[in-house]
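Heads up, the thing below is written out as structure tokens.
Note: hydrogens, waters and symmetry copies are ignored here, and every other heavy atom, side chains too, is used. What you see is a predicted model, and the numbers here were worked out from it, not measured in a lab.
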Amino acid sequence: MKLRAWVLFLASISFRNALGVRQRTPKAKIACVGDSLTAGYPFDSGRGPDASVSGYPYHLQELLADEGYEVRNFGKGETTVVSGSKSYRSGWYNETWQEALRWKPDRVLLMFGANDVKESRLKKFENEFEDAFTQLIQSFLDLDPPPVLALLIPPPMYDNNIYGPEFDPPGRAGGMQQKVYNQQLPLKLQELAERMQVSLIDLHECFLKHESCTEKRSWPQTSL
């Protein structure tokens, strides 16, 4: 009887220890970093305006809830890669960027560019975008350990001059330029991914393509 009691006692200790190890195993962390396409503006349901329940990161967390992942939304509307008052390096986004770095994610999904192709920013998009985005990418790759990182080609744009002067107040940076967004932005992101040796996820493949989209791109799809 005593032997049986000891066996049960030791078995219970082993079970608790094993359970404790599983509970302490940290979840793999996925940081979704970007502009309003990440933040989820306009907010997609009645769940409220909080970033944790908005945009694709919320749905990604729902899909991965049982897979041992924690997904966080580091998106903020109007953010640009190129210099200016809404740049990721400016006071507008800098703290969000730094918060994402401090979190030390295992995987990073970067989706920027929509606000960089507004009419008044096209010259900066042409001259600054790659270098500025390279520095943003590198800031995550410099983490220890470096995360698995992917650039996302954002969904196609179906109208021209979005968020332009028809809005009140008028769009100070002008509207988003459809052909630049659908054609030049994907090519720049492809070149960046190849040069920085990071993954590329083409969201154009998930949507009905607009006639202004590049016909067929040959870059390989990737997974995280």
For the [atom1] atom of [X] and the [atom2] atom of [Y], what is their distance to the nearest 0.5 Å?
X    : Y    : atom1 : atom2 : value
L189 : M111 : CG    : CE    : 10.5 Å
N73  : Y58  : CG    : OH    : 12.5 Å
Q177 : N160 : CD    : CG    : 5.0 Å
F133 : D116 : CZ    : CG    : 8.5 Å
L149 : S199 : CG    : OG    : 8.0 Å
I201 : I153 : CD1   : CD1   : 10.0 Å

Quiz item: Between S36 and E78, does any side-chain donor sit less than 3.5 Å from a side-chain acceptor?
Solution: no
Exercise. Could you verify whether a donor N or O on one side chain and an acceptor N or O on the other, from R72 and Q61, lie under 3.5 Å apart?
Key: no
Exercise. Please indicate whether D142 has more than 12 foreign heavy atoms, meaning atoms of other residues, nucleotides or ligands, lying under 6.0 Å from its CG.
Key: yes
Quiz item: Take atom CD in E95; do more than 12 heavy atoms of anything else shown fall under 6.0 Å from it?
Solution: yes
Quiz item: Can you name the ring pair (Phe, Tyr, Trp, His ring centres under 6.0 Å) partners of Y181, sequence neighbours left out?
Solution: none
Quiz item: Does Y93 reach the side chain of T80, with side-chain heavy atoms less than 4.5 Å apart?
Solution: no
Self-check item: Side chain to side chain, T134 and R195, heavy atoms closer than 4.5 Å
Solution: yes
Exercise. Flag this pair as yes if the NZ/CZ of K104 is under 6.0 angstrom from the six-membered ring centre of F140 and inside a 45 degree cone about the axis; otherwise no.
Key: no
Quiz item: Would F74 and W97 count as a close aromatic pair, with their ring centres under 6.0 Å?
Solution: no
Exercise. Applying side chain to side chain donor-acceptor pair (under 3.5 Å), name anything that partners E99, two or more places apart in sequence or on another chain.
Key: none
Self-check item: Hydrophobic cluster membership, L152 vs L141, 4.5 Å side-chain cutoff
Solution: yes
Quiz item: Are the side chain of K124 and the backbone of S83 linked by a donor-acceptor contact shorter than 3.5 Å?
Solution: yes
